[in-house]
Structure formats: C-alpha cells, structure tokens
Amino acid sequence: MQTTKSTLLQKFGHNRKLRAQVCNQRERLYRIAWSWCHDQHLADDLVQETQAKALEKLDSLREESRLAVWLTRIMANIYRDHFRKNREETGLEIDVAIEDETPELSTDRMQLVQRTRDAIASLSDDQRQIISLVDLASFSYADTAKILDIPVGTVMSRLSRARNKLRERLERPIYHTKQKVVPIRKPS
Amino acid sequence: MRRNDDLELNAYVDGELTAEEQAEILTAMQRNPELAKEACELNNLKNQLKLAYENPPGISSSSATPNKTPWYAIAASLVMLAMGLAGGFWMGTPANHSDRFVMLDADGRGQAPSTIDSPETRIVFHLTSDPEDVAAEELLDDIEDMLSSYKKDGNPLRVEIVSHGKGLSFMRERLSHHKARIHELATTYKNLTFVACKNTIDRLQVEQGVEIKIVPEAEVIDSGVSHVVKRQKEGWSYIRV
C-alpha cells in the first residue's frame, strides 16, 4: 500500500514537472510558429492548441529528453491539419511589417531583418517550415524529419532548395520605392 | 555544383556530417576556394535567419532578448540611482529596468542598495558579457562623471569593475579597445579598481591555447563570482552589466 502511495505521489510530482516543462516551451514554440505563418494571432492560437493537446496526452511522451521534438511534432500536425488548409487560399501575409518611418528601420539591422523576413515569406510553406526547424530551432535533420513525418532525404533536398531560393531573393538589389525628391527650383 | 555536393555542403554547415566526411569537405575546400566561399555564404545565411526571427512580434523584447537592453542604459540609470541615494535626492527616475538588475543588501535580501546607511558609497559592477565599444565608453563616461562628482563634493566613493566570462575581453591586453581609458581612469582615481577573474583566464587559456594577458591596471583575483559575492556580503551595491 505504502509503495503504491509513494509511486502515485512520484507520478504526480513527475507529471507536474513535465507540465511545467511543457508550459516553459511557450516562447520557443511561438518563435517557430511565427516563422511558419508570420501571423501573431495565428501563432498564438497554434501554440495554445499545441500546449493543450500536449498536456492532454502527456502520458504518450516516451522520452522526456525529446520533449521539444515531441511538442514541435504536435504543433506541425496541428498546423498541417487545421491552419494550413485555411490559409492555402489566401497565401502568406506578414502581419506586422516594420513601418517605413520607425526610427528602428533606419538601422541596418532592422532593414536586414525585414528583408530576410520578406524573403522567407516568399518561400513555400514546406520550405519555410524546414528552414525554420533547422536554422532557427536548431533541430537535427533526423529530428526535423520526425517532426514533419518525412524522410531525411526529403529534409535535405527541401532545405537545399529553400536556401538556394532564399539566397537568390536576398541577392536581388533593393529598389527604393519611396524616394524623397527635392525639387530644384530656380531662385526667383 | 552537383546536386549531391550541394546537399553535402548544406549538411556540413549544419553539423550533420561525421568526422571523416567533414575532413573530406575541408580538404576539398582547400583545393577549391569556391567551395569554401559557398560554405561561408551558407553559414552567413543561417546566422541572418536567426537574427530575423530572434524577436518576432508578440514576444516582449524583455523576454525575447534578455541581454539586448543596452547595458550602459541600465548601468547609467543605476549610477544615477546610487548618486541620488548618496546625495539624499533622486537625480531622475531610477529606470524602468528595475527587474533587470540585481542590487542586494548585505544579507542578500531584496533590491535596496545597502549603501544607503553607509558613509561610503561602494559599488561593484560585474561585467559578464562583452560590451560593444560605444556602450563601454558610455559606461566609463558615467563612472567617471560619478567619480568626479563625488570627488568634488568630498563624498567617499569606491567603485570596482569586475570582469568575468565574456566580460573579460574588456580588460584583455590584446582585445580591449579601452586600454588607454582604463589607464587614464585608474591613474586619476585611486578609488576605482579594475578586477579580472583568474578562473576565466585559465579557462580561456585552455580553450583557446593562447596566453591571456590582462591590462596592467587590473588586479587578478581567483574567482570573479566569489569576489562579487564577497562584496555583496560586505555591503557593496552590486550591478550586473
């Protein structure tokens, strides 16, 4: 009886720890989610659904050390089944573009950030997912394959294509659409 | 470039190859500078992407980039805070970053500076990250202003700058861009001390296989962490930069 009680308590404590770990992954998941959809509200919903689902089926987590892969896989499934279907018709829009007039944009860094985000937005959903999992979340090819449920070879070829396309986009010259023109007038 | 080469090069920059495969790529790169250039560009692309998604909308900047707030802004406001307290008045709003710094009393409780009851203001700055040049200059400016103002008013003050971990580069003979300034300040103000952590020096020497030299003005102590803890216990105000 005593053993059963202590086992139960251990399990309870263990589950609490795991739950806390799931909750602590919010920011990491949000970054990945936002890089997939470039939409703040959608990314929020995606993370919330992922965490809710994960907490619901916590017992199915086999290896705790692979919590991040497990959670991201859940998120990828939700994204594929619900979110992506709805967005296929509308395509990707960047919800928060950095405004032209903000002081931050004057810095090279912000221009670079905006340009990179624009280039990534132009990739296909599949390519964007791969590139964000490998480069942003630093998952291995094997883990990325597991998360997206595709062979490692597909991860490699998709990643290579995505990077080539991205480089091509980033190498294009920037055309300034808004130019300030100071009219030259003859002194009256 | 052949398709397979392309995949392999991507795998190389992603750290996916075995030691043998890596060696092969490295040898190929020595023969073919184009390949090396390609690998370098891929690596840059990875870094660029990380930068682009470091701080997406919807994540507060404080949680997204805990170390990105200019350290001199925090330090400067804390200097103002310390000056205000010692002089019995507030020089300004003590910054909105109160949650970002640690200022403990002698028993390690709370955030109230322990110097409030002490006739001498004692502040230890703990440099744990490599500051940008402008930021470091601004911090030194603030500290100098403070030292000069205290000196003028005849108020006792002691300031220590302890460098540790990545912050050590600030005091490294070869890397520091502030050697002249450090020398000038240390010569002018005897109540300002620069301190370098020996543990960090030893670790870097092993990791990098080079001799780490510290500017002559800095005193080398065994452990930067133990030193700042000691200072806190002695009642110094602690400012982590």
Side-chain angles (χ1 to χ4, degrees), chain A residues 26-28 30-44 47 94-98 104 109-121 128 130-132 134-144 152-153 155-164 166-167 169-171, chain B residues 1-19 21-22 24-25 28 34-73 99 131-135:
Chain A
R26 193 216 164 256
E27 206 168 278
R28 180 188 164 86
Y30 179 86
R31 271 204 186 82
I32 299 172
W34 193 85
S35 70
W36 288 352
C37 62
H38 284 201
D39 182 311
Q40 199 173 324
H41 302 295
L42 210 59
D44 256 334
V47 173
I94 300 179
D95 67 341
V96 182
I98 299 167
E104 296 91 74
R109 180 185 160 132
M110 287 314 286
Q111 283 185 6
L112 185 69
V113 165
Q114 185 64 69
R115 239 183 121 215
T116 315
R117 286 182 186 174
D118 288 347
I120 291 166
R128 198 165 43 252
I130 292 270
I131 218 164
S132 69
V134 176
D135 286 343
L136 173 68
S138 303
F139 282 118
S140 67
Y141 288 177
D143 285 345
T144 305
V152 172
V155 170
M156 291 175 76
S157 54
R158 228 177 249 178
L159 181 67
S160 158
R161 270 198 295 275
R163 282 179 177 160
N164 285 339
L166 206 52
R167 281 167 70 188
R169 299 264 165 175
L170 288 167
E171 275 161 17
Chain B
M1 193 187 298
R2 291 201 327 263
R3 183 80 193 136
N4 275 349
D5 292 348
D6 194 21
L7 298 186
E8 210 169 330
L9 200 62
N10 273 284
Y12 169 76
V13 296
D14 291 325
E16 290 278 338
L17 297 184
T18 61
E21 290 165 334
Q22 276 186 43
E24 268 177 40
I25 293 257
E34 272 300 306
L35 199 65
K37 190 176 160 229
E38 185 77 12
C40 185
E41 281 179 14
L42 280 173
N43 219 16
N44 287 346
L45 186 70
K46 274 174 83 76
N47 290 334
Q48 192 171 335
L49 202 131
K50 273 196 181 128
L51 177 77
Y53 287 97
E54 189 183 36
N55 196 6
I59 286 190
S60 66
S61 56
S62 61
S63 60
T65 51
N67 295 321
K68 293 294 174 193
T69 301
W71 66 302
Y72 57 86
D99 56 335
E132 286 167 19
D133 283 350
V134 178

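Quick note on labels: first sequence line is chain A, next is B, and so on, each numbered from 1.
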Are side-chain heavy atoms of A/V134 and B/N10 found at a separation under 4.5 Å?
-> no

Could you state the interatomic distance from OG (A/S35) to CG (B/L49), rounded to the nearest 0.5 Å?
-> 8.0 Å

For residues B/L45 and A/L170, determine if any side-chain heavy atom of one lies less than 4.5 Å from a side-chain heavy atom of the other.
-> yes

Can you name the residues that form a ring-ring contact (aromatic ring centres under 6.0 Å, His included) with B/Y53, not counting sequence neighbours?
-> A/W34, A/H38

Side chain, backbone, both or neither: which part of B/Q48 has an atom under 4.5 Å from a heavy atom of chain A?
-> both

CZ of A/R167 to CD of B/E38: how many Å apart, nearest 0.5 Å?
-> 4.0 Å

Shortest non-hydrogen contact from A/R117 to B/P56?
-> NH2-CA, 3.8 Å

Less than 4.5 Å apart, any side-chain heavy atom of A/S138 and any of B/K50?
-> yes

Evaluate the side-chain proximity of B/L42 to A/R163: yes if any heavy-atom separation is below 4.5 Å, no if none is.
-> yes

How long is the gap from NZ on B/K46 to CD1 on A/I131, to the nearest 0.5 Å?
-> 9.0 Å

B/D6 versus A/N164, side-chain donor and acceptor atoms under 3.5 Å | yes

Can you tell me how far OH of A/Y141 sits from CG of B/L7, rounded to the nearest 0.5 angstrom?
-> 8.0 Å

Do A/V113 and B/L51 come close enough that some side-chain heavy atom pair is under 4.5 Å?
-> yes

